[in-house]
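Just so we're clear, the structure is a prediction, and the values are computed from it rather than from any experiment.
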Amino acid sequence: MAPSAKDHAEALGIADRTVERWEKDRKEIASDPELAATSVTPDGYQEAKAEVRKRRNIVVLDYRIDDAMGAIKGISELVERQRVGSCLKPPSNVRGT
C-alpha cells in the first residue's frame with residue numbers, strides 16, 4: 001500500500017501541503033493527454049508542470065478604480081431613479097413601511 005501524503009511528507013521532512021500540491025500537479029498532468037505525453041522525461045515533466053501552473057494562474061486585466069467606482073455610482077443612480085420614478089415610498093415588501 002502506498003504511503004499517505006502525510007506519511008510521505010513526514011518521511012521527507014516537508015509540509016503535508018507540499019505533497020498535496022505535488023499530487024494535484026501530477027493528477028492534472030495525467031488528465032491531459034498532451035501534457036502526459038510531454039512528461040515522460042524529467043525535463044518534459046518540468047515543462048508540463050509549468051504549463052499546469054500557468055493555466056491555474058489566470059491573470060485578471062488591470063482596471064482603473066475610477067472606472068469601477070463610476071460604474072457602481074451609475075448603477076446606484078439608475079436604481080434610485082427607478083425607485084423614485086415608480087413610487088415615492090419604498091416597496092411594501094420592505095420592512096419598516
Side-chain angles (χ1 to χ4, degrees):
M1 181 176 188
S4 69
K6 183 175 182 176
D7 294 338
H8 194 58
E10 286 177 6
L12 294 173
I14 57 177
D16 300 353
R17 182 71 185 106
T18 302
V19 174
E20 291 168 4
R21 193 172 47 251
W22 290 347
E23 194 61 22
K24 183 178 179 182
D25 289 346
R26 188 192 64 76
K27 286 179 181 177
E28 202 165 330
I29 289 169
S31 69
D32 184 327
E34 185 179 319
L35 292 178
T38 303
S39 67
V40 294
T41 65
D43 289 338
Y45 182 79
Q46 291 296 322
E47 290 174 20
K49 188 166 69 169
E51 178 63 27
V52 163
R53 290 188 177 169
K54 186 172 84 173
R55 290 178 187 177
R56 274 191 217 137
N57 296 328
I58 298 172
V59 177
V60 177
L61 298 175
D62 290 336
Y63 66 93
R64 292 179 34 154
I65 191 68
D66 296 339
D67 295 340
M69 293 304 292
I72 293 169
K73 183 179 177 189
I75 292 169
S76 67
E77 288 173 354
L78 176 65
V79 169
E80 183 63 21
R81 276 196 307 257
Q82 289 174 342
R83 188 182 73 76
V84 171
S86 62
C87 64
L88 294 176
K89 64 177 189 168
S92 60
N93 63 351
V94 175
R95 290 185 179 183
T97 58

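Here CD of E51 is found 10.0 Å from CD1 of I29. Values are rounded to the nearest 0.5 Å.
Summarising the geometry of S39 relative to A36, their closest heavy-atom pair is OG-O, 3.0 Å, with the distance given to 0.1 Å. Scanning all heavy atoms of the two residues, the minimum distance from T38 to E47 falls at CG2-OE1, 4.1 Å.
Between E28 and R56, some side-chain heavy-atom pair lies under the 4.5 Å cut-off.
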Distance-only donor-acceptor hits, side chain of residues 5-22, under 3.5 Å, sequence neighbours excluded:
from : atom 1 : to : atom 2 : distance (Å)
D7   : OD2    : S4 : OG     : 3.2

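When hydrophobic side chains of Ile, Leu, Val, Met, Phe, Trp and Tyr are connected at separations under 4.5 Å, V40 ends up as a singleton with no cluster partners.
The local environment of CD in E34 is sparse, with at most 12 non-hydrogen atoms from other residues, nucleotides or ligands closer than 6.0 Å.
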